[in-house]
Amino acid sequence: MHTALRTTVAGAAISLLALQGTATASAIPTGNAPSCVTVWQTTGTITKTGYARNDCGETMNLKIVWAHGVDGSCQTARPGDTISSKVPRGPRNFDGAGLC
C-alpha cells in the first residue's frame, strides 16, 4: 500500500511539473529591473508571452527582455501594474525585464 501511494504522489508531482513547464514557467531574471519587479512567461503553441509586474513602491519604465531578437517596447508601469510582450516561439528566450 505504501508503494502504491508513493507512486501516485510521485506521478501527480511529475504531472504538475509538466503542466507548469507548458503553461507558466518562471524565469531567472537577467534584465536590469530591480528585484521588486516580478517576472514570468507563458508559452502557447505558436507564441510565448513575457510578463513583468511592478511590485515596487514607485512608477517605472520597464520592457520585456528577449534573447535573440528585439526586446519588448518601453512601457510605464505604476505600482501593481503588469506589462507584457508576445513573440513567436522559436529561438527567442525570455530574459526577464529591464529598465528603459
Side-chain angles (χ1 to χ4, degrees):
M1 178 157 160
H2 294 294
T3 303
L5 181 57
R6 270 185 273 173
T7 303
T8 302
V9 172
I14 290 169
S15 296
L16 181 59
L17 289 173
L19 179 61
Q20 287 177 334
T22 58
T24 56
S26 62
I28 298 172
T30 59
N32 66 355
S35 61
C36 55
V37 174
T38 302
V39 298
W40 71 96
Q41 76 168 343
T42 59
T43 303
T45 55
I46 299 173
T47 62
K48 57 177 92 173
T49 306
Y51 298 90
R53 184 181 61 238
N54 180 359
D55 292 330
C56 307
E58 61 184 279
T59 298
M60 57 184 64
N61 293 323
L62 298 170
K63 65 180 178 179
I64 301 299
V65 179
W66 296 102
H68 312 294
V70 178
D71 293 338
S73 63
C74 187
Q75 302 174 50
T76 300
R78 294 186 179 103
D81 284 354
T82 299
I83 66 162
S84 64
S85 173
K86 184 181 289 192
V87 297
R89 286 186 63 173
R92 306 295 299 275
N93 291 327
F94 177 65
D95 280 345
L99 298 171
C100 53

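Only this structure's heavy atoms are used, side chains among them; waters, hydrogens and symmetry mates stay out.
- Considering OG1 of Thr43 and CZ of Arg89, their distance stands at 6.0 Å, rounded to 0.5 Å.
- Pairing each heavy atom of Ala52 with each of Ala97, the nearest pair is CB-CB, 3.7 Å.
- Of all heavy-atom pairs between Gly72 and Trp66, the closest is N-CD1, 3.9 Å.
- Heavy atoms only, all atoms of each residue included: Leu99 and Lys63 are closest at O-CE, 4.3 Å.
- In terms of heavy-atom proximity, Gly98 sits nearest to Val65 at N-CG2, 3.6 Å.
- Between the CG atom in Asp95 and the NE2 atom in His68 there is a gap of 7.5 Å [rounded to 0.5 Å].
- Taking CZ of Arg53 as the start and CG of Asp81 as the end, the distance is 11.0 Å to the nearest 0.5 Å.
- Of all heavy-atom pairs between Ala77 and Ile83, the closest is CB-CG2, 4.0 Å.
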Step-by-step side chain to side chain contact (heavy atoms under 4.5 Å, CB included) determination, Leu62 to Gln75: CA-CA 5 Å; Leu62 298 170; Gln75 302 174 50; 6.0 Å; no

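- For the atom pair Thr42 OG1 and Tyr51 OH, the distance stands at 4.0 Å (nearest 0.5 Å).
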Begin from the C-alpha positions of Ile64 and Ser84 and carry the test side chain to side chain contact (heavy atoms under 4.5 Å, CB included) through to its verdict. CA-CA 7 Å; Ile64 301 299; Ser84 64; 5.6 Å; no

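- Here the rule is side chain to side chain contact (heavy atoms under 4.5 Å, CB included) with Cys100, and of Thr76, Asn61, Asp71 only Asn61 fits it.
- Residues Asp55 and Pro79 are not in side-chain contact: their nearest non-hydrogen atoms beyond the backbone lie 4.5 Å or more apart.
- Of all heavy-atom pairs spanning Lys48 and Gly90, the tightest one is NZ-O, 3.9 Å.
- The line from OG1 of Thr47 to CZ of Arg92 is 12.0 Å long, rounded to the nearest 0.5 Å.
- Atom NZ of Lys86 and atom OG1 of Thr49 lie 4.5 Å apart (nearest 0.5 Å).
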